[in-house]
Amino acid sequence: MRPNGLPSDPLDSTLRYATIPVLMPPSRADLLDPSALAALGHLELVARWVVDGFLTGLHRSPRKGFSVEFAEHRPYQPGDDLRYLDWRIAARADRWVVKQFEEETNTRAMLVLDVSASMNWTGLSTRLTKLAYAEHMLGALALLLLRQRDAVGVVRADDSLRSVVPPSSRSGQWFRLAASLSQAAGGAGSDLVPALAQAAHLVRRPGFVVLVSDLLVDPAPVIEQLRTVRARGHEVLVLHVLDPAERDFPEGAEAVFTDPESGISVPATPSEIRAEYQETVRQALESWRTGLLQVGARYALAMTDQPFGQPLRALVRAAGRGGMPIA
Amino acid sequence: MTFLAPFLLGLAAFAGVPLLVHLLRRRVTRRVEFPAVRFLMQTEREHSRERAVRNRLLLLLRLIAVLALVAAAARPIAQLGGAGHPPIAVAIVLDQSMSTSAVVDGRTVFSRLQAGARDVAEQLTPDDRAWLVTSAGRVSAGGGASLAAQIDALQPSAGRGDLDGALRRARALVDAGAPRTPVIVVLSDGQHSALDSLVAVGDVPVIVHVPELSVPENRAVHAVEVEPSRWVPGGRVKVTISAPDSVAWRVLLGERTVSRGTAGPAPFAAPGTLEVPAQAEDTGWLAGRVEVDADDFAGNDTRAFAVLCLLYTSDAADE
């Protein structure tokens with residue numbers, strides 16, 4: 001079976017031309033339009049192209065050996081391992097900082113994907129849904145980690161846990177992850193707290209928990225749960241996925257806007273409310289960023305019209321600050 | 001304030017349209033799935049009062065806009081300060097009597113009256129209504145340019161005219177121009193004999209323009225009578241003449257001078273009379289005239305007459 005269910009008739013020259021883009025991976029897939037890229041192949045293939053393109057764009061080698069190299073200091077935060085506290089600086093300057101290392105030891109990462117109804121939405125038919133975008137993103141991230149022999153697992157959740165793939169670095173894990181990520185979307189509501197708890201539980205020693213969600217939930221329980229995750233010694237990265245229409249508000253005449261999860265309806269005229277709505281969204285995003293930083297979690301925003309390389313780079317940069325052994 | 005087209009005020013009912021739109025706009029049928037409704041709700045919560053005030057102000061502005069359009073269509077008029085004038089209904093009464101043909105300082109009095117009337121006509125706006133009424137009995141209506149052209153085409157008449165009648169017509173016309181402000185403008189040389197009686201114009205303002213001119217010295221042929229009524233073949237011509245000093249006179253039948261002489265000074269109010277014998281050279285109705293030397297008021301320097309001649313003599317023809 002050929003990818004994407006393309007016909008295998010070699011005599012059909014018209015269709016043969018159509019197969020060419022699929023069979024020839026773009027050199028910098030991480031910088032291409034995500035919806036165009038996703039149309040070229042299924043998740044596994046696209047994730048490979050994105051990772052290959054992403055690594056091509058990096059100037060540093062992903063293979064760094066097993067040495068432990070000091071990288072930088074950062075302020076101490078509750079939950080940090082006291083072993084990495086720089087006692088000399090504490091004694092000399094009364095400043096509490098921890099040492100960070102670019103270590104290449106195997107680590108464990110759990111990817112938590114919000115598959116609620118709100119994620120399965122796009123503001124434009126030619127754009128990927130937030131869920132499809134997040135699946136491709138996480139696929140690329142998982143592949144990147146697995147190539148470094150890190151253990152990676154996935155938790156998919158909406159109002160309950162939908163699927164769990166425990167972290168592993170063994171061969172075949174990539175296909176299990178890809179299969180899990182490719183599953184159909186789940187139920188209506190969003191409850192990220194059990195998913196985060198499950199993810200933290202599955203990463204036994206300090207590792208990474210990556211949450212990918214549109215965060216259309218009450219912030220307090222999620223941030224509180226992330227505080228608990230951080231307290232267990234895990235680094236937390238949050239990738240906030242938004243459709244541009246959610247940030248800017250859709251164009252058009254007056255309409256009744258209905259939440260697919262709660263069913264709540266609000267009548268509004270876009271032209272009247274757009275500027276105020278955008279300000280509300282800006283404040284909400286800022287509130288998430290501040291709240292997450294306060295519990296020591298890293299935050300990155302991804303719009304579904306951005307090439308996959310941009311949020312992937314933001315994640316890697318955020319992970320790098322936390323000592324995540326990527327690139 | 002009043003309106004030139006008050007029936008258009010009925011269009012004010014259209015002010016109900018924005019009101020209706022405002023009330024019906026909440027009945028929205030288009031439904032859009034939108035996950036970020038929580039942001040929308042928060043926006044509504046925080047800005048609903050401000051938006052309600054804005055919407056009401058917008059509604060008010062729309063109502064005012066519709067009412068202003070209706071008011072403009074109804075063409076309101078009012079007396080306001082500043083330049084220009086409110087719409088008026090004006091009758092320009094122009095004295096066209098013979099006395100206006102007097103020449104003063106090289107220019108006829110009538111041309112001065114014409115200039116004044118043209119000034120009035122040129123200041124008219126499209127909202128005004130105007131009529132030209134002459135003492136000769138002519139009445140015409142039109143815009144400023146049209147009236148100015150008609151004024152330019154006028155000439156002094158050969159008679160005294162009827163300024164009283166012209167004023168009465170003007171009064172009736174300006175009444176028909178309501179609700180515009182009625183005005184009557186009279187342009188006359190101010191001859192004391194111009195008005196026979198007082199004309200009641202009610203509360204209509206009358207602006208009278210009389211050029212300040214020195215009265216020219218006038219030599220006039222007041223009247224001509226022929227006696228007897230039928231000449232067989234001759235008769236007498238009785239001529240009444242006034243002049244500030246002595247003046248030469250001539251009696252002509254056709255283009256033939258049948259008599260001439262000089263008359264002594266006689267004031268306008270008490271002209272002198274003289275009788276002149278004359279002989280005809282032809283039979284039938286003959287046209288004749290009496291002339292005095294021309295002066296600045298040429299209108300009464302000549303007076304015509306006609307006489308029926310039944311016989312003529314060869315002697316007369318020889319003469």
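Values reported hereafter were calculated over all heavy atoms of this structure, with side chains retained and with hydrogens, waters and symmetry mates removed. Quantities reported herein were computed from a predicted structural model and do not represent experimental measurements.
For the side-chain contact (heavy atoms from CB on, under 4.5 Å) with B:Arg38, the lone residue among A:Asp259, A:Ile264, A:Asp218 that qualifies is A:Asp218.
The CZ atom of A:Arg274 lies 12.0 Å from the OG1 atom of B:Thr43; values are rounded to the nearest 0.5 Å.
For chain B, no part of A:Glu261 is nearby; none of its heavy atoms comes within less than 4.5 Å.
In this structure, the side chains of B:Arg31 and A:Ser265 come closer than 4.5 Å at one or more pairs of heavy atoms. Counting heavy atoms from C-beta on, the side chains of A:Lys130 and B:Pro35 come closer than 4.5 Å.
Counting all heavy atoms, side chain and backbone alike, B:Leu40 lies closest to A:Phe257 at CD2-CB, 3.7 Å.
Contacts with chain B were tallied for A:Pro260, A:Ser118, A:Pro250; A:Pro260 has the most, counting heavy-atom pairs under 4.5 Å.
Between A:Phe249 and B:Phe39, a ring centre-to-centre spacing not shorter than 6.0 Å is recorded.
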### Verdict with supporting geometry, B:Glu44 and A:Ile273, side chain to side chain contact (heavy atoms under 4.5 Å, CB included)
CA-CA 8 Å; B:Glu44 283 286 343; A:Ile273 205 171; 3.4 Å; yes
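Taking 4.0 Å as the cut-off between side-chain N and carboxylate O, A:Glu276 and B:Arg51 count as a salt-bridged pair.
A donor-acceptor distance shorter than 3.5 angstrom exists from the side chain of B:Arg54 to the backbone of A:Glu272, with no hydrogens or angles considered. With B:Arg30 contributing its side chain and A:Ala253 its backbone, the two residues share a donor-acceptor pair below 3.5 Å.
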